[in-house]
Amino acid sequence: MRKGETLGVVGETGCGKSTLGKAILGILPVGTQVEGKILFRGRDLTMLTNQMYRRLRGEEIALIFQDPMTRLNPLMTVQDHFIEEIQAHEPVSSTEARTRAREALISMGIHEARIRNYPHEFSGGMRQRIMIALALVLKPSLLIADEPTTSLDVIVEAQILEILQDLKQAYSMSLLLITHNLGIVAEVCDRVAVLYAGKLVELGSVRDIFHKPLHPYTQGLLSSIIHLETKELHSIEGSPPDLIAPPSGCRFHPRCSFAQSICMEKVPPLVEFEPGHFAACHFGDKFL
Amino acid sequence: MPKSGSLAAYALTRLFLSLPMLLILLTIVFAVLRVIPGDPIAALFAGRAPPDVVAQTRHQLGLDLPYWQQYIFYLGQIFTGNFGTSIGENYHGKSVLAIILDKLPATVELAIGAMIVASIIGIAAGVVSGTNRDKPSDVALRLYGTIIFVIPVFWLGQILQLIFAVDLGWFPAQLRFSGLPFPNQVTGLYTVDSLLQGRLDMFLVALQHLVLPSLTLGLVLSGFFTKTVRANLLRTVNADYVEAARARGIPEGRIISRYAFKNALIPVVTVLGLQFAILFAGAVLTERTFSWDGMGMLLLKSIDSADYPMIQGVIVVYALIIVGLSVIIDVINGLIDPRVRY
Amino acid sequence: MEWLHSRLVRPFRPLIRERHTLPGILSWIGLGTLIAFILVGIFGPVLVSIDQTKALAYPILLPPSLQHVMGTDGIGRDVFARVIWGTRTSLMIMAIGALLALVVGFPIGLLSGFVGGKVDRVLVLVMDSVYAFPGLLLAALIAAVIGKGIFNIGIAITVIYIPLYFRVTRNQTLSTREELYVEAGRALGARSWTIMLSYIAYNVVIVIPVIFSLSAADTILTAAGLSYLGLGLEIDIPGDWGRDLSDAQRFLGSGIWWTSLFPGLMIILLTVGLSFLGEGLNDIINPLLKKERA
Amino acid sequence: MSAPVVAVQGEPANELLRLDNLKVHFPVKLPFIQRLLQREEAVVHAVDGVSFGIRAGEILGLVGESGCGKSTVGRSCVRLIKPTSGRIFFAGQNITKLGGENLRALRRRIQIIFQDPHASLTPAMTIGRGIGHPLWIHRSAFGPQKSGSEAFGQWVRQRVLNTMREVGLTPEEQLYDKFPGDLSGGQKQRAVIARALILEPNLLVVDEGVSMLDMSIRAKVLELMLDLKRRHGLTYLFITHDLATAKFICDRIAIMYMGRIVEIGPAREIYADPKHPYTKALLQVIPIPDPDKRKEKVLPRGEVPDAVHPPAGCRFHPRCPAVLATCGWEGRDFVDFLDEHLSDPKRAGDDESIVGPIEGWHADGLVASLEAKPMSVEKAVERVETILAEAPVAMTQAIESVSAQKRTVMVRFHPPNQLRQTQVQDRLVECLLYQ
């Protein structure tokens, strides 16, 4: 992922996209096994000590969740949330922290007088703005947004997406947008990663993905969207696999209409079929 | 929007709302004592008194009047604070209220002691258990919580007496005080009174007597605490806002104390309100085991001596205390949780 | 009836599947204990002569020995025989108390939750008031007024557990009533009682084994407590754990431990078994209910 | 130019369902304590005067954001909710006050499908039993088969198996004895559809019936619904928040906002040329899955207001990009504007000290007044007027006067124009722009 870009991560429910966000921040439940590396500015995050990892969260990488209604501590005022976060990372006085909290809120269009209110006194859209303000108050260089608008109304959803894009510009940070909505991806992302059953199946620029999808799953996903120009309904046969015992070879083969015997036997590697456009399919070149 | 005054408003409303509950409890007591089929006076005397004495007692207490008259008289008595006079052999002719007020502090002292023991052990065990889910310490503490809670409190008292009083001789097995002149009656709590008097020796004696009964009752109650604290902590340590706080890089210790524990406390406090029922029931048994001269003993003696006005008085005072405590608990909840208030 | 089967038998299937987890182990221990006690309650008195439970049957205060495995008590009764006979007494009180409370509390709770409105509010207020009051005191009061005896104690205890059944049943009814399939049932044109029986009651029935085990444990404790206070059973009952503990109190100062230890252990074994069963079932059934809702 | 409001009399005879000025108000559920403290009884204006008709054999889409009252309309049509006022006609019969056996009989003819198939199925009933249950419920309506429970049971089983086959719930013999927990989401929704169809209803209300299904399954279920319409002449009220799905399946659509229908007409025309500003906004925010068609959007401001106190006049006016002076401006719009103004320290300057604090302002109908005593009333009036220069033009125009009464500053608005549903080309629109 590059500096200043917006990367969209898409996939169906249960494909592992939310786990990805939490894995980057190292906040998966205790006992989860994590393999592989997470490189952030050249450092492998999985090697960090707990203390260093904690400092990194919020300060360099921030995360916004799907459901703003339950993500704030109901017993703390909004102001307390801000002061706590700022002081957890920087040795500043409460007054200073309070000033910065106020600025952050105002930048999100929330009256500063409401800073002493409790979370339950705000609407869903406002809470998501507070969550964004909280995520950005330390000016992180990477913001992970995990389905940030799914629980909101369509118009508020569009408002929040607009705010996110503006802020990305203003803070020159990178945005990792996790979503199941391909329409949103088409509208805001620079590059797209498609996940299926916990594996990356395709990665490329937003134009490559939407105009020249190489993986049959991406193709199916794109044709099953119901949008305003839909004339005919398409769907992908079958249902997502059980992740406890995933299919052999290519995980998509039981649902794939192009599947051959090799798909059952060999796991397809992620190949760069054209500059910057990767896909994990044995027959990716057929679709070029 | 909540303003500073709203907690007071909440408390007042809550107080007002407790009136129906109080009335229901008083009515139930009335019903049990008079309306239940059978003759309460005869049952109390259990054949120990000739029929004419029974009839006379009944007439004396107005129990031969129509129920509605009795009911009005009964409520009138309670709201004017006049509980009548005793007819039992122990306190014959004395004011019921005065006797009750004399015995009340003993029960309060025991209850407070037990609550202290129960909350210290229960909260500590609950937190350890809840933050170490399914580890051996959790399993052990869960078993502790389940088992200790169903141990008969009087049996536990006897065993503790056997070990610490009879065998080891560390603590006295009976009574609230011995060996020294009684402290001056101020609050009626011997531990407090002795300190007010500046007598450390008296305080130690009072404390020594208090240890075993408090421990007995407190241990049993701690089982309940352990289970509730654990269950609620498990719920909050996995809450969405805890995960979000972790993602913001808030230190783990602070997350446990400020997010998980404080939020877990709200339902615990609510459940605490129900604990009082168990606490006072347990106190009656503990009082008998340790000859602790409180309300429970008074009730037992009154039942023994067919002291009808005294029985009624004691039960009514218990009802008043229970209702009062439930109001206090709700107000405390309003204090912790801003959502309750408005 | 199909739903009764699916509610009362199906939930016990996970008990077999989960026999290696902690809740499963606890449930099985609890179930085993309960069955053992029931066997003792039924066959024990057949094997142990009632004469051994009578005063002055033996020399007093004999320590445990081969003849008297648990010793004899202050008036020369065999402690072992008393304990065996006491099992039957306790189980009878438990059955009367818990069953009566179930029979009264469950339908009231179901109706109250289903009908809602003012009826519900008043019932809740009354039941909550009773629930907040120390149960033992209320039972003691009732026992003092209506007199001693197994049946009377059963009734006195019933009064304090009706609110428990009521509460749980009502809350369960209330949350079930909000389920979409209940609304769907109404949209299909089902009558109220069809909805209550076919759509709601089954979901409520599932919690009964849990409350039953937990309240049964409490019943044993309360009954023993009443006996301990001298308000429980007649003096000539051949076995009464609470009374035995009360009698044991006098000799405690002289270090006589066997008259206290054994009746106490019996109470604890039975109540712990029942709570293991109750809590184990609770831990197994709750996720089941959650899964159905998710 | 303006056409009269819809009248009930003289409607086309082939209308299967008609709602006439339907209102549903829910009491706000408050804890007991708060209800005591509250002076007035608060109600949620979930549905506030909705009229429309559905012709036999058509699919009418009822579209709006969550909380706009569309589900309440759906539930009222099948009489799961008692309307506060207004009338509902089904096949010419007034069913608004139907009760008892008549209501039960009605339910054989109108069925509803909910969003969550899992929650709609009773977990303790097998699939076959659940689908057949409606037949048992209405047993007495199937006269001849009534004799002999055994025979009726056999007949029910046959019908259930037939219906299961029809909705594609196969292999039906195996699935018959499964419990809902054993089925996939798509299968469950098919079971729910089968249960609704087994009574052979005329009208099917589909309340977000496909929203919870995964993309790939969603298409299949929609196809099934279209297929059933063709084969059985079913009429649908299709409730959804998804404009794209609605466009695909519906003949006509009605757009709802805050308990009112703002635009209703043929689906194709509305999508091609939306009239109401709210419809325009909704259509605009649907993401287009094509990175080459990105465009700037003009979004309505703010969020949907509280339905306990809906805005006066047109409910959309506080957020509307095309708002007029006569759309319903009132006191609290000014307070909201002032609040927003004072929140921005750059613009506000020392305004707060002269016209503040914001908590001192109180709105009552068309009037907003500053009740905390300002230092100088005249200065405050003057400053309010300065600030208003920055306000939306429509709002400034709607103000009748800014005045001082004793020591109170008052901002008074003109009363709004009466809002009516207006015939615009082939559809009805509720917007002053077209009146």
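Since the structure is predicted, the reported quantities are computational estimates derived from the model, not experimental observations. Only heavy atoms go into these numbers, but all of them, side chains included; no hydrogens, no water, no symmetry mates.
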In this structure, CD1 of Ile336(B) is separated from CG of Leu75(A) (nearest 0.5 Å) by 8.0 Å

Does a side-chain N-to-carboxylate-O contact under 4.0 Å join Arg71(A) and Glu243(B)?
yes

Between Glu84(A), Met76(A), His89(A), the one whose heavy-atom pairs under 4.5 Å with chain B are most numerous:
Glu84(A)

Taking all non-hydrogen atoms of both residues, which atom of Pro251(B) and which atom of Ala88(A) are closest, and how far apart?
CD-CB, 3.8 Å

Rounded to the nearest 0.5 Å, what's the gap from CZ on Arg246(B) to CG on Leu63(A)? Could you check?
13.0 Å

Which distance, rounded to the nearest 0.5 Å, do you find between the CD of Gln87(A) and the CZ of Arg254(B)?
7.5 Å

Taking every non-hydrogen atom, the tightest pair across Phe65(A) and Ala244(B):
CE1-CA, 3.4 Å

Find the distance between OH (Tyr259(B)) and CG (Asn73(A)) and round it off to the nearest 0.5 Å.
5.5 Å

Which salt bridge (charged side-chain N to carboxylate O under 4.0 Å, His left out) pairs, counting each pair once, include a residue from residues 133-143 of chain A, with sequence neighbours left out?
none

Mind checking whether Arg57(A) and Arg248(B) have side chains closer than 4.5 Å, heavy atoms only?
no

Distance, nearest 0.5 Å, that separates CG of Asp337(B) from NE2 of His120(A):
8.0 Å

